[in-house]
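Here is the structure we will look at.
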Amino acid sequence: MTISGLRELTDHRGPFASVYIGTVSDTEDAAHQQRLRVRAVRDALREEGATEAVLDAVEQGLGDPPPGRAGQAVIADADGLLLSEPLPEPPARTTVRLSAMPYLLPLLQLRRPPVAYAVVVVDDRGADLYTVDATGRRTDRRTESAPFPEHKVHGGGTAHRSMQSRVEETVRRTIDATAEEVARLADRADATVIVVAGEIGARTALAGALASHRRHIVQIEGFTRETPYDRAEFERRVDEVLSEQWHDRFLDIVGRFEQGRAHGLAVQGVAAAAEALSQRNIETLLIDPAAIGERAVHVGADPTEVEAASLPSGRSALRRADEALPLAALAADAEIVTTDGEPGLTEGVGAVLRHR
């Protein structure tokens, strides 16, 4: 019963096994080494008191390591495997936890930036395109031109000009139809950036047709529908674009945090962030995993019931802040952004508020 989004974790009560390991699958003894890693994870969780059901679910999640040198994230509870996700690179350290709440910070640090986007490879006959929404769900489409001649012809006279006109009109219709389909799918995915590749004339025309849709359009060279290309290199270039977009967005979030502090629209420190979460008044939670350390908060029956001190009802449990605060943010529909020293956050926690 794997989950489709992290917010669904708030519906589970744990205890949770949270596992982050590095993997290497391109060596002769890769399968043997993976078995050893899985055994070590099982042994560590068993020592912490995990049930056989949880151990089996974790082993299931670790059963198919990603290619090359990478990593794996697995979260499981007594209901079974909840999350199994390949990581683009190994985590800085192996983490194996059994606790009342899932540990999400390594996943949030290493997973692909949460940018919804569209990718199009276009020519004057149509396009191959796909979108990816913020949850990682991908939708593929192909568009084709209208049934008219696509290539301009040589010659002169009225027939030639008529044919030229028909070709140009067909190409225009093709680009317009492609732009309409791209915009439709981008709306559905809530995409903020559109990456356009293909022959220069077609991709420039498509970028122009999409300009009115108020999304960031990025053109990349070197890939066309007519010529086979390296898919891995293409995806790497797309990832570069997305990373740049996320970096710009991160700087915008940090800027809003800094400005918000001067106008009562941002707070920092565990106590202040916990209070804002308990009021569901956080737009974006910022956490520095290294700086928050092993600080703790009191948590009630609802994930958003978090306080630095014991809850007034007296019915609270002491939990790790690096687990409780992200889970509370998910329950409050807040965004979570991990940081690495910048900006310097008091106790490793800051928040942009929804209102004063």
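We number each residue from 1, following the sequence as shown. These numbers come from a predicted model, not from an experiment.
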Relative to the ring of F234, is the ring of Y229 parallel (under 30°), tilted (30 to 60°) or perpendicular (over 60°)?
tilted
Flag yes if more than 12 heavy atoms outside D340 fall under 6.0 Å of its CG atom; otherwise flag no.
no
With salt bridge (charged side-chain N to carboxylate O under 4.0 Å, His left out) as the criterion, how do E52 and R42 come out once you've worked through the C-alpha distance, each side chain's angles and the decisive distance to 0.1 Å?
CA-CA 9 Å; E52 287 299 314; R42 286 189 68 114; 3.1 Å; yes
Where is the tightest heavy-atom contact between A351 and I282, given as atom of each residue plus distance?
CB-CD1, 3.5 Å
Mind checking side chain to side chain donor-acceptor pair (under 3.5 Å) for D248 and listing every partner two or more places apart, or none if nothing turns up?
none
I'd like to know if R141 and E180 make a salt bridge, using a cut-off of under 4.0 Å between side-chain N and carboxylate O.
no
Name the orientation class of the two ring planes belonging to F16 and H12 (parallel below 30°, tilted from 30 to 60°, perpendicular beyond 60°).
perpendicular
What I want to check is whether the side chains of R37 and Q34 have a donor and an acceptor closer together than 3.5 Å.
yes
Min side-chain heavy-atom separation V122-T174 under 4.5 Å
no
Looking only at non-hydrogen atoms, find the nearest pair between P66 and A70 and report the distance.
CG-CB, 3.6 Å
Consider only side-chain N and O atoms of T27 and Q33, and report whether a donor and an acceptor are under 3.5 Å apart.
no
R93 atom CZ, neighbour heavy-atom count above 12 within 6.0 Å:
no
Salt bridge (Lys or Arg N to Asp or Glu O under 4.0 Å) with R295: which residues, sequence neighbours excluded?
E347
